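Step one of this worksheet: look at the structure below.
Whatever order the structure lists them in is the order used to number ligands and atoms, beginning at 1. Note that the coordinates shown come from a computational prediction; the quantities given were computed from them, not determined experimentally.
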Amino acid sequence: MTNPVYEKLMNCYDSVKDRLPFKPKVALVLGSGLGDFAEQVEVEDTIDYHDIQGFPVSTVPGHKGRFVFAHINGVPAVMMQGRVHYYEGYPMTDVVLPIRLMKLMGAQILFLTNAAGGVNFDFAAGDFMLIKDQISCFVPSPLIGANLDELGPRFADMSHIYDEDLITMIRDTARELDIQLKEGVYVQLTGPAYESPQEVKMCRVLGGDAVGMSTACEAVAANHMGMRICGISCISNLACGMTDVPLSHEEVQETSDRVAPLFKKLVWESIGRMGIS
Ligand code: HPA
């Protein structure tokens with residue numbers, strides 16, 4: 001008997017596989033602030049999430065829902081314009097389905113982006129953080145359930161979730177572009193409420209530098225499938241309790257929008273270099 005999670009994935013793949021304009025090398029997930037990146041590249045094709053039967057569709061305001069195919073700085077790429085979050089009520093296997101699907105489309109590299117709260121006191125709103133490692137154990141693993149042997153092993157090794165060579169390349173790219181790039185550990189919590197000050201402190205004590213509600217589960221699923229992964233957080237705010245100002249979704253959006261041009265430049269240039277790596 002086929003596993004229902006695998007069956008759903010393969011059904012989604014069957015409905016997109018004849019619509020791909022090319023085989024993508026890079027899969028790019030556009031987080032808050034990068035969402036309109038897809039409007040600034042020469043779009044070759046799009047597939048609306050609504051047109052893929054069974055595909056999870058985001059309910060968050062400001063999050064679009066489609067795959068966008070384009071050559072980014074010469075590299076064939078598929079972008080996710082809009083992702084779903086665990087807090088929207090989807091099972092974790094649905095949350096990571098799009099990532100698995102992009103791997104089936106042919107993508108070898110996963111480039112994750114997000115907006116996150118800084119928990120490191122050396123960070124400021126508007127900073128970028130290259131993700132070096134992550135803490136995902138506060139959300140259920142997307143690998144729970146019967147293992148999908150077709151995708152990867154039961155007990156996946158997570159010693160190097162974020163690819164060392166990609167980390168070095170992005171670090172060098174940022175330096176050459178004169179873009180300041182912090183580095184650190186991303187902690188995924190469920191949300192949707194922002195963290196309490198004590199939870200923020202907990203993240204810091206555990207070695208976290210930024211906190212958010214996405215990304216780490218996607219990286220777990222992608223690593224299970226053997227993808228090379230890199231990720232950058234846009235620090236849209238300092239996490240709750242670190243400043244006197246209450247946090248709002250509007251602030252997160254405003255800061256992400258303000259620094260978006262630099263973020264796009266870094267992503268564009270980094271992907272260009274992935275063409276040869
Ligand atoms: N916490 C969690 N997720 C976030 C934050 C935050 O402070 N900012 C942007 N996404």
What does the N/O contact table under 3.5 Å look like for ligand 1?
unit_1   : atom_1 : unit_2 : atom_2 : d
ligand 1 : 1 (N)  : Glu195 : OE1    : 2.8
ligand 1 : 1 (N)  : Glu195 : OE2    : 3.3
ligand 1 : 7 (O)  : Asn237 : ND2    : 2.9
ligand 1 : 8 (N)  : Gly117 : N      : 3.4
ligand 1 : 8 (N)  : Asn237 : OD1    : 2.7
ligand 1 : 10 (N) : Ala115 : O      : 3.4

**Request:** Please identify each residue that fulfils side-chain hydrogen bond (donor to acceptor under 3.5 Å, both in side chains) with Asp172, with sequence neighbours left out.
**Result:** Arg175

**Prompt:** What residues, two or more places apart in sequence or in another chain, satisfy side-chain hydrogen bond (donor to acceptor under 3.5 Å, both in side chains) together with Asp36?
**Reply:** Lys264

**Message:** When you compare the side chains of Glu44 and His71, does any donor N or O come within less than 3.5 Å of an acceptor on the partner?
**Reply:** yes

**Message:** Restricting to side-chain hydrogen bond (donor to acceptor under 3.5 Å, both in side chains), what partner residues turn up for Ser233, sequence neighbours left out?
**Reply:** Asn114

**Proximity of Tyr186 and Tyr162 rings by center, below 6.0 Å** = no

**Fill in**
In short, Gln180 meets Phe128 closest at the heavy-atom pair O-CD1, 4.1 Å

